[in-house]
Amino acid sequence: LMIFLIVVLLIMVYNRLASISSIKYNGASTADQINMSFNNAISEKYNCYFLGNSRIYRDINPELFATVKSYNFAHDNDSYNQMYYKLLYLLENNEKIDYLIIGTDYFQFSFLSDTRNYIYSELFPEEYSADYENTSWLESKEAYYTRLWINKQNAILSCIQYILKRPEPEIVNYQKANGQYVVDGEADPNAIIDRDYTVLDVQYDYFLRIIELCEKENIQLFVIMPPLWEGEIKTHSDQERREFNNMINDALSETDYRNNYINYSEEMGVSSYQDFIDVTHLKPTTADEFSQYINDRVFGGTK
């Protein structure tokens with residue numbers, strides 16, 4: 001019994017130390033980011049929300065939207081199924097949404113990501129999991145705690161740095177109170193990424209369900225695509241991109257949102273690699289410029 005209690009105590013101390021040190025040297029964990037995002041999304045009365053993947057999570061700064069009270073509720077790897085259930089979460093928590101701005105990408109419909117399901121399965125209703133392989137309640141819990149423990153194990157180096165009182169890095173990724181995730185870096189000008197342009201029926205169906213729900217709830221919906229540079233589009237053709245843009249416009253064509261698709265690179269051209277921290281994500285300063293551009297397009301340029 002004494003040995004058991006000592007082991008439990010050591011695990012508790014390590015968990016606490018791992019949380020503190022990881023945040024200090026690496027920023028909040030994925031689980032912490034998601035939990036903070038869900039809590040903060042309903043902590044105040046916002047009337048404009050942003051949903052999308054990492055390119056919205058990093059590239060939209062709600063501070064630049066002065067005429068609305070907005071929150072960035074996006075996250076890495078989110079696609080339209082996660083966006084739909086996040087929208088339900090907001091509505092079920094009595095958020096009065098006037099504007100919903102969702103991200104899209106040429107690869108946005110091509111995947112059904114389960115990388116965050118160890119968290120999302122705890123936050124979304126059971127129907128969310130129906131699109132994935134059937135797992136029992138016990139298997140779901142096992143996956144949840146296994147992922148959390150792996151995260152704790154990955155914090156060993158941070159714990160050592162904390163114990164040795166190493167100074168924290170000058171730049172640490174962090175999530176702002178308005179939901180935006182801030183990351184710095186410099187893109188490799190020679191980087192290329194090959195994307196899958198497949199359109200999965202399940203994701204296209206959720207895209208349509210978001211449109212229908214916005215119509216039902218009288219929410220003004222906009223679909224936006226952040227800036228791109230050559231490393232992102234070099235392996236695909238103009239024709240493929242035209243077909244994608246037509247698909248988005250066709251889905252909106254019979255709604256009040258028919259003119260609400262904003263594709264930055266189509267309007268402003270391909271951006272410089274110097275605007276990016278990697279092949280995909282904008283630098284924080286450029287993210288502010290893009291946010292201002294969307295503010296101008298959606299809300300008439302009021303600053």
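These numbers come from a predicted model, not from an experiment.
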Tell me whether [X] contacts the main-chain N or O of [Y] through its side chain, where contact means a donor paired with an acceptor under 3.5 Å.
X	Y	value
Lys283	Gln274	yes
Asn47	Asp98	no
Asn93	Glu95	no
Ser70	Phe65	no
Gln82	Ser113	yes
Tyr71	Ser37	yes
Gln203	Ser110	no
Ser79	Gln108	yes
Arg58	Arg55	no
Tyr106	Glu240	no

| task | Go through the steps for Arg116 and Asp78 under the test salt bridge (charged side-chain N to carboxylate O under 4.0 Å, His left out), then give the verdict. | result | CA-CA 9 Å; Arg116 270 67 177 167; Asp78 276 6; over 6 Å; no
| message | Using every non-hydrogen atom in the two residues, find where Tyr80 and Gly103 come nearest and quote the distance to one decimal. | response |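 Tyr80 and Gly103 have their closest heavy atoms at OH-O, 3.1 Å.
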Anything under 30° is parallel, anything over 60° is perpendicular, the rest tilted; go ahead and classify [X] against [Y].
X	Y	value
Tyr181	Tyr57	parallel
Tyr128	Tyr132	tilted
Tyr89	Phe73	tilted

Donor-acceptor contacts under 3.5 Å from residues 211-220 side chains, at least two apart:
from: Gln220; atom 1: OE1; to: Asn260; atom 2: ND2; distance (Å): 2.9

| task | Say whether Leu112 and Leu88 are linked into one hydrophobic cluster, either directly or through other cluster members, by side-chain heavy-atom distances under 4.5 angstrom. | result | yes
| field | Flag side-chain contact, heavy atom, 4.5 Å: Met36 against Gln175 | value | yes
| request: Report yes if some heavy atom in the side chain of Phe244 is under 4.5 Å from a heavy atom in the side chain of His236; otherwise report no. | output: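 No, side chains not in contact.
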| request: Apply the side-chain contact (heavy atoms from CB on, under 4.5 Å) test between Leu221 and each candidate in Ile101, Ile102, Ile97; give the one that qualifies. | output: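 That would be Ile102; it is the only one of Ile101, Ile102, Ile97 passing the side-chain contact (heavy atoms from CB on, under 4.5 Å) with Leu221.
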Take atom [atom1] of [X] as the centre, draw a 6.0 Å sphere, and report whether it contains more than 12 heavy atoms from other residues, nucleotides or ligands.
X	atom1	value
Ile3	CD1	no
Asp201	CG	no
Glu126	CD	no

| field | Intermediate values then yes/no, salt bridge (charged side-chain N to carboxylate O under 4.0 Å, His left out), Asp105 and Arg195 | value | CA-CA 10 Å; Asp105 276 300; Arg195 298 292 195 186; over 6 Å; no
| Check against ring pair (Phe, Tyr, Trp, His ring centres under 6.0 Å), Tyr293 and Tyr264 | CA-CA 9 Å; Tyr293 178 85; Tyr264 183 89; 4.9 Å; yes
| field | Flag for Lys176-Asn61: side-chain donor and acceptor within less than 3.5 Å | value | yes
